[in-house]
Amino acid sequence: MSLALASPTSFRRSGATPEGLTFHYAELPESDIAVRNGYLLTTPLRTILDMAKSLLWIVERGLITRRQAKGASIPEAVRLQLEALLGWKKR
């Protein structure tokens, strides 16, 4: 699991980025930013919305199929939510 940090587009890091840490550069509204232990992080909702956008991009390109999602080792409730998010109707 990695941690994603929200960083202003003007932010520059001089050292190596620690393993498991990803910087995302964007100008975000304050409502999408949380401060934890001196770091700026995206709020859980913003993170989920960004992940959903990435997921849709992956699915549109056929990198994840409905068959793969059905066969994944995830709780049934999560699989159903994934299918609903992607617009896959239960058959």
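Between Ile33 atom CD1 and Glu27 atom CD the span is 8.5 Å, to the nearest 0.5 Å. The structure places CD of Glu30 at 11.0 Å from CG of Leu28, a figure rounded to the nearest 0.5 Å. The distance from atom CD1 of Ile74 to atom CG of Leu80, rounded to the nearest 0.5 Å, is 9.0 Å. Here the straight-line distance linking atom CG of Leu63 with atom CD of Gln68 works out to 9.0 Å at 0.5 Å rounding. To the nearest 0.5 Å, atoms CG (Leu45) and CG (Asp32) are separated by 7.5 Å.
Sorted by first and then second residue, the salt bridge (charged side-chain N to carboxylate O under 4.0 Å, His left out) pairs with a member in residues 55-64 form an empty list; sequence neighbours excluded.
Put simply, the side chain of Glu76 reaches to within 4.5 Å of the side chain of Arg79, judged on heavy atoms.
For Leu86, the side-chain contact (heavy atoms from CB on, under 4.5 Å) partners two or more places apart in sequence, or in a different chain, are Leu55, Leu56, Val59, Leu82, Trp88. In this view, Thr47 and Thr42 satisfy the side-chain hydrogen bond (donor to acceptor under 3.5 Å, both in side chains) rule, not counting sequence neighbours.
Heavy atoms only, all atoms of each residue included: Thr43 and Ala34 are closest at CG2-N, 4.2 Å.
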